[in-house]
Amino acid sequence: MTLPLTIHIATDLNGPPGSTEERVRAWVTRANAALRSANLRVEIRSVRILPEGWESVTNWRHRRQLATYAPRDGTIHVFVIEELDTPRRRAFRRQIRGLHWRYRGTRLWLRSREYVVVTTGAPSTTFVHELGHLFGLGHATQNDNIMCSCRQGSPLGFTPDQENDMQLGAQRFLVRQNDGLRGRGADRVRVR
């Protein structure tokens, strides 16, 4: 099953032009290597530039506002930004490098919106870790598991049970997306 990605890049990221897109392509390659055993694959459908001011997403209001750029259109929306934490929060614990966000409230215009955020300084496994959350996985405790927040070593991977859960989770994601598309007249989400 191939799932399309819409990549949203903050406008004022550090580094030479194109370096962020190269980094994202490396994340996608790393994710596909880990997802292969679950018969899942992600591919970039489009890359968009966010308006100025989205380099930092540090509170729940920012996260909710970011959802306006993530319509249910059949793609996984991935936001690439500089930071997810405030300096005060970072002082108390490890820096947050990625997150999966899903709205579960009562506002109709936000219903079932979800997306992934990864910071530019994140390790190469952060993107696939957040995809694991998108597909329903929780954190693991084994440090050779991609779903462990303390992941280290090589090879990093998923367990067979996690692979099965991700297959179901990816199908559920597509159903949620299809429900959003149906309201706009689309027939279905295409899966290759």
Side-chain angles (χ1 to χ4, degrees), residues 3-36 40-70 75-102 113-135 137-158 162 166:
L3 298 136
L5 304 172
T6 298
I7 308 296
H8 305 266
I9 298 176
T11 56
D12 289 336
L13 299 177
N14 297 328
S19 66
T20 301
E21 284 190 50
E22 289 173 21
R23 188 174 297 133
V24 170
R25 290 186 195 291
W27 294 344
V28 169
T29 299
R30 176 65 179 94
N32 284 331
L35 295 170
R36 186 176 302 120
L40 296 173
R41 186 174 188 288
V42 293
E43 69 180 16
I44 298 172
R45 177 183 285 172
S46 67
V47 176
R48 300 176 183 169
I49 302 300
L50 287 167
E52 287 189 36
W54 285 109
E55 297 79 23
S56 179
V57 175
T58 58
N59 62 50
W60 68 270
R61 284 187 185 98
H62 292 156
R63 292 176 186 183
R64 185 178 283 184
Q65 290 169 344
L66 202 57
T68 62
Y69 297 99
T75 69
I76 298 170
H77 290 271
V78 181
F79 294 91
V80 181
I81 64 170
E82 283 296 321
E83 68 178 341
L84 278 165
D85 284 327
T86 62
R88 181 177 177 206
R89 192 168 172 192
R90 277 195 307 269
F92 291 114
R93 60 181 187 181
R94 287 183 9 188
Q95 188 172 5
I96 297 173
R97 302 285 190 160
L99 67 84
H100 163 246
W101 184 90
R102 181 183 306 158
R113 298 268 182 117
E114 60 189 307
Y115 58 79
V116 169
V117 177
V118 181
T119 64
T120 56
S124 64
T125 54
T126 300
F127 174 62
V128 70
H129 174 94
E130 298 308 329
L131 287 177
H133 288 312
L134 177 84
F135 300 144
L137 298 184
H139 283 121
T141 57
Q142 304 83 9
N143 65 358
D144 64 344
N145 190 296
I146 288 176
M147 295 311 296
C148 182
S149 57
C150 61
R151 58 195 173 275
Q152 58 185 349
S154 183
L156 291 172
F158 296 104
Q162 287 173 321
M166 283 192 303

(request) Apply side chain to side chain donor-acceptor pair (under 3.5 Å) to Thr120 and Glu82, showing your working. (result) CA-CA 6 Å; Thr120 56; Glu82 283 296 321; 3.2 Å; yes
(message) Checking Leu5 against Phe127 for the side chain to side chain contact (heavy atoms under 4.5 Å, CB included) test, could you report, in this order, the C-alpha distance in whole Å, the side-chain angles of both residues, the deciding distance, and whether it holds?
(response) CA-CA 12 Å; Leu5 304 172; Phe127 174 62; 3.9 Å; yes
(request) Starting from the C-alpha separation in whole Å, work towards a yes-or-no answer on side chain to side chain contact (heavy atoms under 4.5 Å, CB included) for Ile9 and Arg23. (result) CA-CA 11 Å; Ile9 298 176; Arg23 188 174 297 133; over 6 Å; no
So how far is it from [X] [atom1] to [Y] [atom2], rounded to the nearest 0.5 Å?
| X | Y | atom1 | atom2 | value |
| --- | --- | --- | --- | --- |
| Ile76 | Glu43 | CD1 | CD | 11.0 Å |
| Asn59 | Leu84 | CG | CG | 11.0 Å |
| Tyr115 | Arg102 | OH | CZ | 12.5 Å |
| Ile81 | Leu66 | CD1 | CG | 7.5 Å |
| Leu99 | Thr119 | CG | OG1 | 9.5 Å |
| Ile146 | Gln162 | CD1 | CD | 8.5 Å |

Under 3.5 Å, side chain of [X] to main-chain N/O of [Y], donor-acceptor pair present?
| X | Y | value |
| --- | --- | --- |
| His8 | Arg48 | no |
| Arg113 | Ala67 | yes |
| His62 | Thr58 | yes |
| Arg97 | Gly121 | yes |

(request) Decide if atom CZ of Arg36 counts as having more than 12 heavy atoms of other residues, nucleotides or ligands within a radius under 6.0 Å. (result) no
(request) Could you tell me how the ring of Trp54 sits relative to the ring of Tyr69: parallel (under 30°), tilted (30 to 60°) or perpendicular (over 60°)? (result)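 Aromatic pair Trp54/Tyr69 classed perpendicular.
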(message) Check for me whether the distance between the ring centres of His129 and His100 falls short of 6.0 Å.
(response)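 Not under 6.0 Å, so no.
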Under 4.5 Å between any side-chain heavy atoms of [X] and [Y], yes or no?
| X | Y | value |
| --- | --- | --- |
| His133 | His139 | yes |
| Val57 | Phe79 | no |
| Met147 | Gln142 | no |
| Thr126 | Trp27 | no |

(request) Could you check Val118 against Val80 for side chain to side chain contact (heavy atoms under 4.5 Å, CB included), going step by step and ending with a plain yes or no? (result) CA-CA 5 Å; Val118 181; Val80 181; 5.6 Å; no
(request) Test side chain to side chain contact (heavy atoms under 4.5 Å, CB included) on Phe135 and Leu3 and set out the steps. (result) CA-CA 11 Å; Phe135 300 144; Leu3 298 136; 3.6 Å; yes
